[in-house]
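Per chain, numbering begins at 1; letters A, B, ... match sequence-line order.
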Amino acid sequence: MAAPLTLLLIVAVTIRAVLYRSSLAELIAERVEVVSPITAWKRVIEGLALLDLGVSPYSGDVFHETPLIIYLFHFLVDYAEITFMLADVITAVALYFAVRDYNKKVFRKQKFALEADRYPHDCLELIRRPKEMFYIPLKVAMFYLLNPFTILSCVAKSTCGLNNAVISLFILTTIKGNVLLSAVFLCLATYQSIYPLTLCAPAMLYLMQHQFIPVNFRRVSFWWFVTQYLFMFLGSLLVLTCLSFFLLGSWDYMSSVYGFILSVPDLTPNIGLFWYFFAEMFEHFRLFFLCVFQINVFFYTIPLSIKLKEHPVFLMFMQLAVISIFKSYPTVGDTALYLAFLPVWGHLHRFLRNIFLVSCVLLACSALFPVLWHLWIYAGSANSNFYYAITLLFNVAQILLVSDYFYAFLRREHHLTSGLYLKKKDGSEATLVLK
Amino acid sequence: MGLLSDPNRRRALISMLTRLNAPICMLCYCAGVCWFMGLAFEPFTLRTYMSENAMGSTMVEERFPAGERALATAREFAAHKKKVGGMPVDWLVKTMQARGLEVFTQSFSRVLPFPDENKERYIVKGTNVYGILRAPRAPRTEALVLSAPCSPGDNNNQAVGLLLGLAHYFRNQIYWAKDIIFLVNEHDLIGMQAWLEGYHHTNTTGMKWTPLQGRGGSIQAALSLELSSDVITSLDIVLEGLNGQLPNLDLANLFYAFCQKIGVLCTIQGRLQRNDWDSVSGYSHAVQTMMLMVMKQASGRPWGDHGLFLRYHIEAATISGINSFRQYKTDLTTTGRLVEGMYRKLNNLLERLHQSYFFYLMPSLTHFVSIGYYMPAFGLLAVILLLRALDLWVQLVAPPARTEDGIAEIEQQSSPGVRSVLTPLIISHLTGAALYLMPVHFQEMAVEHFPVSETEAVVLTAIAVYTAGLALPHNTHRLVSGEGTEQGWRVLKLVAVLYLAVLLGCTALINFSLGFILALTMVPVAAFVTPDVPKVLSAIVFVILSPACTLLFSVFLFQELQDMPVSLQDGWMLYISVISQGILDHYLFGSLVYPLIALMVYPCWLLFWNILFWK
């Protein structure tokens, strides 16, 4: 499997290198769908310039990335293109190995269940076969590397690519079962953009499953593990924040990075849901709705963790999707990360209901974003409502996609316990209805 | 959400849509065409009305007296033009200065990618002269532009004369709150492009120009004058700009309001307004006027000097004098009063024109169709594609007959799917790229080897690549992936249909007319192509409905609508010149129609062509 992966990496890097050299790169770097005020490369450059002048990069309202990023690029600014390509490659390779390990584990679990004769007999067609599982890791890497969203994001040098790399490393270390590294990478991801904090739950669930610790609130071992993990997580978070403080010598970055993410002062249009609402809103409702919108991102963790506590990797996918839909400054790079997981759930296709509709809408929206932007900003003939309508549609499609996968996943699990062909009490064929 | 989550209702809906797919598609197509034709029927349209308060309620008085003097200036200008053999820059500078303007010049040069045979130019060098009348009443942050092109021959002298006359008259008025810029541009659109790029510090087309020495405020609106005779019979307003962009409807309303007030005959598309909408001839008159607008808009060219202003978010229109309705006569004084009135109203603007519509079609000057009324016509055509896509999708995911090794069978079918889709996609796009790049880049080679001029070389190369593309894809596809499978063409068609739907949707949003005309011809072939239809017959239908032939028919229809029918021979020459103009417009002004057709529409059409020859 190494050869196809290498080939894929070469192709992906070539595409990016070609695009970097073309005149398109500048155009892409300006697109609001691809870069947000946090991740824009232009702003990083500005921050670097301020840093070189001996001024705090956070003075003024331009730079909103974390101190570690700016110090990283302090050394790597001449190799920025290579860094971003490398970040994509790391993400893809990490996802590749993570998914491979996860699939092995799934397969082993299925084998035990089969041997124990736990599945109903008519469910044999739901059983996953090694032949179809073999190519999934490669497909995942391909979905990430060749996704136009990722390519655009990389060519625009959006720092979102680095965040994705950190998150995928976190996923890899979690699936490998390395508690310390998992906590460290999760902490790095959280440090970068707060929202990955919600990945804490699936990570702990997975690691507990890995170490055969029952998820039971009355057990000491459960609490002991949670304390351990949180200690490592918070400890490294403390180290990181202090490190940032010592690098810059001030706490400026706290308000400028996290305050910026949480209080959403920049209402530049993007593919998210925040900008239009907060541009239209009366000022005295702002705080209230800010809380509602931000809690919205974090809140789904609780019900999803309860429902999916046996399937932490699927939970992780759901969380990534929820973050990328509801975060305050989403870009297409965030979307690309969770889209990369779709091949992992390829076996759910027979239960998906709206996939055709959703993919049509996503496709159309991706094409309409630049068109309506052109009509609004350049031609002046359309207005922000047109653009926001597409944003809304894009997000509704994403939500439908995710809920469709959620439903399909649950339905498969249901069939695996109660048989594929459901009967009503009177013996006629039953259908499952989601109401 | 019941529809999306209740499996029974979904199944019923989908089975209905697939069972009745063909009839529904036909119905939609007919409904779309009827809807479009209905747009010209007066009771279905809205009457135009002034939306902008700043221009609506205030009264202005037009007192421009000096039509005769303007004519004298025009004759003087003509004499100097003839003497210099081009733009009389020095004379213009002197005259404008004498009228109390701040005068500046800008020189520019541009080498065309290939010679323009219509206007006989290749290396263009010229000078724009403009004078600024500074606003006495307000901070000079906003400006209005009045321009007149300095055309070769005896054209447009009166426009320049009137411009100078108005400048003289405006100078003595005290109510101007915006700078007024009087611009005489050489080489029509090329000069205008240079001036606008210079004014806004942009350079999008690689033209060389000297920077502007003087500037007014941000330009709010602009009018361009085209008058070629001392006495005109009616005034025509031209709205269609680059890429089918239109100015705010209020500008047309303003023009119409003043024509009514002063009592000048006004036209749009050179056609008078008729009141007998309930008669057949009245209706067909409205349809023809609207069709003319649709075709002009679809061409994506700027149809007057105003066309390039629109790109900079400046509302602009061209007012041209027409001399064809003999019984009416309007002298230059009246025209001057009309322009004066319009400028005084524009002077009252507090913000840019934005109240009224930007997306509209006009079956007559008093009636318009807004986006909400005309989009359904396109939507009905586009929904056909979606229905076909849904049908294909249902066929594709329908569970195959269950056998012992059902899963292995599915895999066998789906794995060539990806390859058989990707190969034609890539090949047809490469053909499209060749169509885009080859004509201009290989003109020298073509001129060397064939006895044709550069312009002909470009157009004929384009036609040759286009025709060659017809032979290429299906052969190559057979070469690469063997005999096409049943599943393969369905996947390819699904992709192609969705591609076309998105493509046409985006096009229609930017330029409705282009999107609609393309949809009208491409949707039928896209909807009903399968490898099983009779080859020869459908191949002929295919070629007839291909984008190139659509253009050919449009040329004939356009001539017909303008009451200037052409013979086949002339039509062909016109067709060639239209193609060369399209390519030139792309390179000179950044018109998007040529790249759109070459890089997207044509490859998409090739995909359907590919499906036809799948087996």
Side-chain angles (χ1 to χ4, degrees), chain A residues 124-129 131-132 134-135 139 142 146 346-347 349-383 386-387 389-390 396-397 399-400 403-404 407 411 422 429-435, chain B residues 1-11 14 241-248 310-315 352-354 357-360 371 382 385-386 389-390 392-394 396-397 399 402 406-408 410-411 415 494-495 497-499 501-511 592 600:
Chain A
L124 281 179
E125 54 184 289
L126 289 184
I127 302 296
R128 308 182 58 191
R129 287 166 175 73
K131 196 176 148 197
E132 57 178 74
F134 184 67
Y135 286 107
K139 276 187 197 163
M142 198 152 80
L146 300 186
H347 57 286
H349 275 167
R350 57 179 295 167
F351 298 121
L352 291 178
R353 299 159 309 161
N354 300 324
I355 189 74
F356 176 65
L357 180 77
V358 167
S359 37
C360 285
V361 173
L362 284 180
L363 195 78
C365 284
S366 317
L368 284 175
F369 272 130
V371 169
L372 288 172
W373 181 262
H374 171 86
L375 285 181
W376 173 22
I377 300 296
Y378 295 103
S381 37
N383 53 40
F386 288 55
Y387 190 77
I390 294 304
V396 167
I399 292 167
L400 267 181
S403 53
D404 214 14
Y407 169 83
R411 182 157 168 204
L422 302 174
E429 201 174 312
T431 49
L432 287 176
V433 177
L434 186 73
K435 277 190 175 153
Chain B
M1 286 307 280
L3 208 60
L4 288 177
S5 58
D6 186 339
N8 296 324
R9 264 186 268 170
R10 278 164 62 89
R11 210 172 299 141
I14 287 174
L242 187 71
N243 290 326
Q245 212 180 326
L246 300 170
N248 196 289
L310 298 171
R311 174 195 280 168
Y312 297 93
H313 211 153
I314 300 164
E315 306 317 319
R352 279 173 195 278
L353 286 175
H354 66 280
Y357 295 85
F358 283 95
F359 297 102
Y360 52 87
I371 183 167
L385 295 176
L386 298 182
L390 182 73
L392 283 167
W393 174 259
V394 171
L396 278 171
V397 294
R402 287 172 72 188
I407 284 155
I410 296 168
E411 279 214 346
S415 79
L494 180 67
V495 171
V497 163
L498 287 178
Y499 181 22
V502 171
L503 184 62
L504 290 180
C506 290
T507 313
L509 270 177
I510 294 180
N511 185 343
L592 291 174
M600 315 280 253

Please answer whether the main-chain N or O of A:Leu352 pairs with a side-chain N or O of A:Asp404 as donor and acceptor at a distance below 3.5 Å.
-> no

Side chain, backbone, both or neither: which part of A:Phe356 has a non-hydrogen atom closer than 4.5 Å to chain B?
-> both

Chain A contact via B:Ala389 - which portion, at a heavy-atom distance below 4.5 Å | both

Part of B:Leu390 within contact of chain A (heavy atom distance under 4.5 Å) | both

State, yes or no, whether a side-chain contact exists between B:Cys506 and B:Ile510 at a heavy-atom distance under 4.5 Å.
-> no

Test item: B:Asn248 and B:Arg352 side chains (from C-beta on) under 4.5 Å apart, heavy atoms | no

First locate atom OG of A:Ser366, then atom CD1 of A:Ile390, and finally report the distance between them rounded to the nearest 0.5 Å.
-> 10.0 Å

Top of A:Ala382, A:Ala379, A:Ala364, A:Pro370 for chain B proximity - count of heavy-atom pairs under 4.5 angstrom = A:Ala379

